[in-house]
Amino acid sequence: MNKSVVVSEETLTEPVVVADVAPAAKAAGPAYVVLAGISFSHFLNDTMQSLIASVYPILKDTYALDFAQIGMITLAFQFTASLLQPVVGHYTDKKAQPYSLAIGMASTFFGLLLLSAAHQYLVILVAAALVGLGSAVFHPESARIARLASGGRYGFAQSVFQLGGSFGTSMGPVLAALIVVPFGQGSIAWFSSIAFLAILILWRIGRWYAPQIKAKKMAAVQAHPEAPSSRRVAVALLVLVALLFSKQLYVSSLSSYYIFYLIDRFGVSTQAAQIYLFIFLAANAVGAFLGGPLGDRFGRKIVIWISILGALPFTLALPYAGLVGSAVLSVIIGLIISSTTSSIIVFAQELVPHRFGMISGVFFGVAFGIGGLGAAVLGKLADHTSIEFVYQVCAYLPAIGLLAVFLPKLPRHAR
């Protein structure tokens, strides 16, 4: 990890310029050790985050919470991350902070300890917000590190980064089923050791990162003659936000309430439902990894089209399937719909290359914010109707993928 792949800040700001991007860095190829380290840190970070949703049944039974209150816990976690990520990204565009990742992870560490000991609803909300704060610091700068270590293979690097997070998210329900359900809320404190391990890894990555960001002021860059106009860029960013909305809200509906859906409709146990949730989230992880390299090879716009609209027939069928059919359909949906994440994020970064950190923060933040707000709204809807009705409504969300027709064509080397 001490062997630096020297990539200057210009590398982050030149996807849509006349000259090619960092030829020497591309020739050297990706810094695989750094990519592996930041992806593993993402795995640890999102494993801890996913514990919050995975222990909802325990919190609901212990404190007699309704679905709206469950949704507010998700909102407390996601809103903190959503609000602060663009701010962090904007600040680090001006002055990168190589050791901020380790410091931010300390917030997650204390949030988990507080959640394990919380006996009041307000304290649970504060603990969830602390974990969200750690996420807000982690994502914008870690996405920048992944791009620095990409060797020009931006989609591949983003997918490796996303793979860690997706598998971390899928591990939460399994760990909850094996540890938290049998041993209770207090066992959440054991997972603070994962946060401590992440702090050590991120501090080490910070030592690699520091020399990469020393001192070069960004040179003025000339726009590529085929680059979209500022108006088209603004429209494209709004479209990408809408596409991320359709994807993230659907995934949020499954992540937050799939356990309750399976319990209510099929009468499975809590532990069995958590295993089914793990299967869906694991499929999401695989799809998230495949999306980036496919975008590098065939173009991100094509991948965005296929991954969102392609999931529509299966989301429409899910509310009417049996238990086995639901499991199979959830795998197919996870594989298809999650493959769009890397392509959306890299597409947005290439549209606004001079605001890389802020754009990364906005899109990661929007993803978190939509998930949190959506969970709260869907919880209210479930209280007034039923969980099954929520899934019937959410089944139409991938149809928003039709908006991809308004995405511009990027210059060839920026795709």
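Every value quoted in this text rests on a predicted model; they were computed, and no experiment measured them.
Between K60 and F260 the shortest side-chain heavy-atom distance falls below 4.5 Å. Within the 4.5 Å cutoff, the side chain of F406 has no heavy atoms near those of the L238 side chain. Counting heavy atoms from C-beta on, the side chains of I179 and F191 come closer than 4.5 Å. Using a 4.5 Å heavy-atom threshold, the side chains of I58 and T270 count as separate. Here the side chains of F196 and M105 are not in contact, with every heavy-atom distance at 4.5 Å or above.
Taking CD1 from I306 and OG from S343, the interatomic distance works out to 10.0 Å, rounded to the nearest 0.5 Å. S338 contributes atom OG, which lies 9.5 Å from atom CD of Q162 (distance to the nearest 0.5 angstrom). Residue Y250 holds its OH atom at 3.5 Å from CD1 of I333, rounded to the nearest 0.5 Å. For the atom pair CD1 of I38 and CZ of R144, the computed distance is 12.5 Å after rounding to the nearest 0.5 Å.
Relative ring orientation between H139 and F161 is described as perpendicular, the plane-to-plane angle rising above 60° on a 0-90° scale split at 30° and 60°. The aromatic rings of F138 and H42 lie tilted to each other, with the angle between the two planes from 30° to 60°. The aromatic rings of F156 and F289 sit perpendicular, their planes meeting at an angle over 60°, well past the 30° parallel limit.
Applying the side chain to side chain donor-acceptor pair (under 3.5 Å) criterion to S307, with sequence neighbours excluded, gives T340.
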CA sep, side-chain torsions, deciding dist, call: Q49, D46, side chain to side chain contact (heavy atoms under 4.5 Å, CB included): CA-CA 5 Å; Q49 291 178 19; D46 286 21; 3.6 Å; yes
Residue pair I304, L240: steps toward the side chain to side chain contact (heavy atoms under 4.5 Å, CB included) verdict: CA-CA 9 Å; I304 291 170; L240 290 173; 4.1 Å; yes
Identify every side-chain donor-acceptor pair in residues 386-400 under 3.5 Å, counting partners at least two apart or on other chains, and give the distances.
residue: S386; atom: OG; partner: F389; partner atom: N; Å: 3.2
residue: Y391; atom: OH; partner: S253; partner atom: O; Å: 2.7
residue: Y391; atom: OH; partner: Y258; partner atom: N; Å: 3.0

